[in-house]
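For reference, the structure is listed below as structure tokens.
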Amino acid sequence: MTESDLKPGHRSTLRCMALVVSALAVWGVLYACLEPAARWLTANALHLDTASRLGAAAAFFIYEAPKVLMLLALIVFGVGIVRSFFSPENTRKILAGRRESAGVVMAALLGVVTPFCSCSAVPLFIGFVTSGVPLGVTFAFLVSAPMVNEIALVMLFALFGWKIALLYMCTGLCVAMLSGWLIGRLKMERFVEGWVYTTQASACGCERPCAGWHDRIGLGIEAVRDIVGKVWPYVLAGIAVGAGIHGYVPENFMASLMGKSVWWSVPVAVLIGIPMYSNAAGIIPVVQALLGKGAAFGTVLAFMMAVIGLSLPEIIILRKVLRPRLIAAFICVVGCGILLVGYLFNLLL
Amino acid sequence: MKIEIYGTGCTKCKKLFENACQAAGSAARVVKVDDMQQIVSAGVMTTPAIAIDGQIKSAGRVLSVDEIRKLIA
């Protein structure tokens, strides 16, 4: 078969694939050069001694900042393509009418791969509950979708390694499943605002615009532009603060504040974490640096989960559809789940 | 022709509205729908969404001016 036999769609897909493969190759080469380049820059170009405070901070920043941004671009691209296979409409179809036990597990898992933005939490919530998705199952989705997201996982992977990233993902999923199951058990349907159930949500017949790989790759690139374009200042600011901590805060400084023996550090970390949001990308490098200065791992993990998973803006948005009692139950259940994770890891590790 | 933009006022919704206005020119009337009940009744679960003559064409994405032009044509 010669090239002229191929349909135009095929040809553009092939061209796209070739472009992606070469882009990935360039990415790989750049990534491999990163460490020696950063070392050279610190030692030879800036004439800094990595044993000095300023040198340690500079070395950390010069290496970590491009590394994290590159990983972020790669993973966001991959996740963008994976997400093009899922849509909230399909997820709803899968979850509608499911038994609660199986439902919360599937909802938490689908929360990871379904495209979700907290600004559409309300229409999504209504779309779910009015089409027969149980309340608990809906909450399992609403907890897992923001908490186990690609930005958090990339930051954890880049700064802590794959084991911690995986651990975060698994515990995050568990918190989502347990919270959903518990909220389902509490039978809180009557604390959903009355107008929600009377709303006639017609099924939307809209198709996603992607048919072929060409479109999926386009969606991946769009995700990179959108997300990396939005979070890079936070990432850089976070790594800069982290670098400062690396270089200037004395060893074991955090042990007395966030150490294992300080029992109240976990709840305080959760309480501080809840109102903080969108700074997730910036908070993880800071937290990583604190860990090196004697903070306990469980406390740090709980703090990150509270920052990423529970956010004040989302809670305010959800107030439109949930009565205060249900909001309070939601925060308590998820907060307690995170607390449990924090204590568990302080005990185990 | 009537173009409706469904969204609760986030930056993405504003961008889609701007793109739709630019794409439509004087050929269509572009309306912003920000009432939650109306959004949900239309079957929209992810904002921003765009409907042309009452039919939802896309949800959850900011379409470019060109993409909207193709939808109108």
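In the text below, chain A, chain B and the rest are named by the order of the sequence lines, each starting its count at 1. Note that the structure is a prediction, hence the values are computed from the model and not measured.
Atom CZ of A:Arg319 is surrounded by more than 12 heavy atoms from other residues, nucleotides or ligands within 6.0 Å. Counting non-hydrogen atoms of other residues, nucleotides and ligands closer than 6.0 Å to NZ of B:Lys32 gives a total above 12.
Using a 4.5 Å cut-off between heavy atoms, A:Phe128 contacts chain B through both its backbone and its side chain.
Rounded to the nearest 0.5 angstrom, A:Thr114 OG1 and B:Met45 CE are separated by 9.5 Å.
For the side-chain hydrogen bond (donor to acceptor under 3.5 Å, both in side chains) condition, the pairs that include at least one residue of residues 219-231 of chain A, sequence neighbours left out, are A:Glu222-B:Arg61.
For the salt bridge (charged side-chain N to carboxylate O under 4.0 Å, His left out) test, no residue two or more places apart in sequence or in another chain qualifies with B:Asp35.
Residues B:Thr47 and A:Pro123 meet the side-chain proximity criterion, which asks for heavy atoms closer than 4.5 Å.
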